[in-house]
Amino acid sequence: MQVKIAKDYAEMSRLAADLVCRLLESKPDAVLGLATGSTPIGLYEELVRRHKAGLDFSRVTTFNLDEYYGLDPNHPESYNYFMWEHLFSKINIPREQVNIPNGAAADPEEECQRYEAKIAAAGGIDLQILGIGHNAHIGFNEPGTPFGSTTSLVKLTPETIKANARFFEKEEDVPREAISMGIKSIMQSRSIILLANGEGKAEAVAAAIQGPVTEEVPASVLQLHPNCTFILDEAAAKKLNR
Ligand code: GLP
């Protein structure tokens with residue numbers, strides 16, 4: 001596991017964009033795994049900037065990590081809406097190459113299987129971008145999720161519901177469930193970048209990088225991945241033993 005410490009959020013975002021660009025230079029039809037949340041917004045802004053300067057997404061395929069279950073894809077708090085607003089509408093990726101779990105699927109089990117099969121049919125993910133929850137969740141895989149899990153319908157913890165309530169009018173509006181790629185689905189990516197910024201993530205980051213590998217700390221599984229880079233700002237790196 002590699003750890004890069006950036007001086008601030010802007011540098012963290014640029015370093016991540018550099019790695020995405022390097023991949024697209026060597027593999028213009030790469031498969032990217034993407035994340036939502038406030039953390040990767042700077043990376044997406046940077047990618048939009050580089051697209052304006054010539055970076056081509058016409059052959060790229062993307063798979064998003066997760067989506068709230070029970071929200072229409074057009075709901076302004078859906079992850080589908082987030083991704084179109086922050087990235088897809090601003091780059092030249094064809095709509096049919098964008099994949100996000102359907103949070104309005106009538107049969108969530110079937111949707112999970114369809115999603116997992118589609119990732120496999122695309123040849124797997126070349127580079128997966130991750131954020132991290134305050135409890136070290138990745139995607140919506142909360143503490144206790146088996147490392148062998150694949151895409152599934154998951155329940156959000158009260159802590160995550162509270163953390164994500166800031167985007168909704170009131171806490172009761174936050175969906176209680178989500179469709180999330182599993183830990184195994186994430187670990188099958190050929191490379192992984194986890195982004196974290198701000199002091200609020202420092203504890204989760206230290207546990208993930210330097211604590212024991214345990215299902216109680218979902219991001220600790222990344223210690224077992226052969227090609228994983230954590231890109232942190234100074235504040236998120238504060239609790240690391242250096
Ligand atoms: C959500 C998402 C995660 C994300 C996490 C952190 O729960 N499902 O993929 O990493 O929140 O969000 P933020 O980047 O806003 O701190």
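Worth knowing before you read on, the calculation uses all heavy atoms, side chains too, and leaves out hydrogens, waters and symmetry mates. Read the numbers this way: they start at 1 and go in the same order the structure lists the ligands and their atoms.
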Practice task
Give every residue pair that meets the ring pair (Phe, Tyr, Trp, His ring centres under 6.0 Å) criterion with at least one member in residues 85-113, sequence neighbours excluded.
Solution key: Phe82-His86, Trp84-Phe88
Exercise for the section: Indicate yes or no: at least one non-hydrogen side-chain atom of Phe57 is less than 4.5 angstrom from one of Leu47. Expected result: yes
Could you go through ligand 1 and note, for every N or O atom, any protein N or O atom closer than 3.5 angstrom, writing the atom names and distance to 0.1 Å, or 'none'?
residue, atom, partner, partner atom, Å
ligand 1, 7 (O), His137, NE2, 3.0
ligand 1, 7 (O), Asn164, ND2, 3.4
ligand 1, 8 (N), Asp66, OD2, 2.8
ligand 1, 8 (N), Gly139, O, 3.2
ligand 1, 10 (O), Ile132, N, 3.3
ligand 1, 14 (O), Ser38, N, 3.2
ligand 1, 14 (O), Thr39, N, 2.9
ligand 1, 14 (O), Thr39, OG1, 2.4
ligand 1, 15 (O), Ser38, N, 2.8
ligand 1, 15 (O), Ser38, OG, 2.7
ligand 1, 15 (O), Arg166, NH2, 3.0
ligand 1, 16 (O), Lys201, NZ, 2.6

Practice task
Quick one: list whatever passes salt bridge (charged side-chain N to carboxylate O under 4.0 Å, His left out) with Lys239, sequence neighbours left out.
Solution key: Glu203
Problem - With Glu142 via salt bridge (charged side-chain N to carboxylate O under 4.0 Å, His left out) - residues at least two apart - result: none
Problem - Side chains of Asn92 and Asp56, donor plus acceptor under 3.5 Å - result: yes
Handout entry: Qualifying residue for salt bridge (charged side-chain N to carboxylate O under 4.0 Å, His left out) with Arg114, from Glu116, Glu110, Glu111
Key = Glu111
